[in-house]
Amino acid sequence: MTTSRAATDPALRVLTWDVMASGGYETCWAEPGADTLRARGRAVGLTPEPYWISYTLETGEGFVTRRLTVTAETAARTRTLDLRRDDAGRWTADGERLAEVDGALDCDLGLCPLTNTMPVLRHRMHRERGEREFLMAWVSVPDLTVRASRQTYTHLARTGGGGGRVRYASGTFRSDLDLDADGFVLDYPGLARRLTAR
């Protein structure tokens, strides 16, 4: 008889979302530390075209992104991305410099509710009052193009079980995210809703 790692490792979180924005689903295996996060996940979607992706995420201290690797497959082609941030705050994509996102602390994988977690945890936005603006290295799915994205997170309320509600804003888009006590998305209106949690 085999025992799953999720059943034996209390630090491992298995999270699944119904991703309404893509017409698909995402499952990730997340390993939060005291101030770090590692995760690997897979997603399938229908919008903007049928695709599936797999990704791995690694942060350093302060939940600052170190590396995001993504493979995206569509009927037409397979794409890969190796996105990295060095200790000086410089970003590269597949070894090419991305000066427009230099200084950003976080990646943001499109249609992926997991990557909202890092700025929330860094600043305890789900538990403490405040508003912060971030520069993100935003990755479009499924083409894996990286762009600079300005985003604002605003604490709205504490919720039951130690979670909170945070308003996410980027350009004209706004959504009030419900987060669990560990800073992971429970409900992201317009994008995703969590189906299972541990």
Does one hydrophobic cluster hold both Met136 and Leu105, with members joined at side-chain heavy-atom distances below 4.5 Å? no
Side chain of Thr36, backbone of Glu61: donor and acceptor closer than 3.5 Å? no
Arg193 with Asp187: basic N within carboxylate O range, under 4.0 Å: yes
Charged N-O contact under 4.0 Å between Arg165 and Asp178: yes
Looking at CZ of Phe134 and OG of Ser170, how far apart are the two atoms once the value is rounded to the nearest 0.5 Å? 12.5 Å
With a 4.5 Å cut-off on side-chain heavy atoms, are Ser22 and Tyr51 touching? yes
Look at the rings of Tyr168 and Tyr188 and say which category their plane angle falls in: under 30° parallel, 30 to 60° tilted, over 60° perpendicular. tilted
Between Glu58 and Arg66, does at least one N-O distance fall below 4.0 Å, as a salt bridge requires? yes
Under 4.5 Å between side-chain heavy atoms, counting indirect links through other Ile/Leu/Val/Met/Phe/Trp/Tyr residues: same cluster for Leu135 and Phe173 or not? no
NZ/NE/NH1/NH2 to OD/OE distance under 4.0 Å, Arg84 and Asp86: no
Side chain to side chain, Asp182 and Arg13, heavy atoms closer than 4.5 Å: yes
Within the structure provided, determine whether Ile53 and Leu109 are in side-chain contact (heavy-atom separation under 4.5 Å). yes
What verdict does the salt bridge (Lys or Arg N to Asp or Glu O under 4.0 Å) test give for Arg167 and Asp176, after you've listed the backbone C-alpha separation in whole Å, the side-chain angles of each residue and the deciding distance to 0.1 Å? CA-CA 4 Å; Arg167 176 163 295 155; Asp176 295 349; 2.7 Å; yes
Close side-chain approach of Thr71 and Thr78, heavy atoms under 4.5 Å: yes
Identify whether Leu156 and Met125 are in the same connected component of the hydrophobic contact network (ILVMFWY, side-chain heavy atoms under 4.5 Å). no
Could you tell me if Glu26 and Trp17 have a donor-acceptor pair between their side chains, going purely by distance under 3.5 Å? no
Hydrophobic cluster membership, Val64 vs Val120, 4.5 Å side-chain cutoff: no
Should Met20 and Leu186 be regarded as members of a common hydrophobic cluster, given that ILVMFWY residues are connected when their side-chain heavy atoms come within less than 4.5 Å of each other, either directly or indirectly? no
Check for me whether Arg147 meets the cation-pi criterion with Trp138, that is, NZ or CZ under 6.0 Å from the six-membered ring centre and within 45 degrees of the ring axis. no
Indicate whether the side chain of Thr115 and that of Asp108 have a donor and an acceptor atom separated by less than 3.5 Å. yes
Result of checking Arg132, His155, Glu131 against His123 for side-chain hydrogen bond (donor to acceptor under 3.5 Å, both in side chains): Arg132
Between Leu179 and Val166, is any pair of side-chain heavy atoms under 4.5 Å apart? yes
Audit row: Asp180, Arg194, salt bridge (Lys or Arg N to Asp or Glu O under 4.0 Å) steps and yes/no: CA-CA 10 Å; Asp180 69 16; Arg194 196 134 107 228; 2.9 Å; yes
Tyr55 and side-chain contact (heavy atoms from CB on, under 4.5 Å): which partner among Leu114, Thr69, Leu81? Leu114
Rounded to the nearest 0.5 angstrom, the CZ-OG distance for Arg40 and Ser54 is 11.0 Å
Answer yes or no: is there an ion pair linking Arg79 with Asp143, defined by an N-O contact shorter than 4.0 Å? no
Considering only NZ, NE, NH1 and NH2 on the basic side and carboxylate oxygens on the acidic side, decide whether Arg122 and Asp35 come within less than 4.0 Å. no
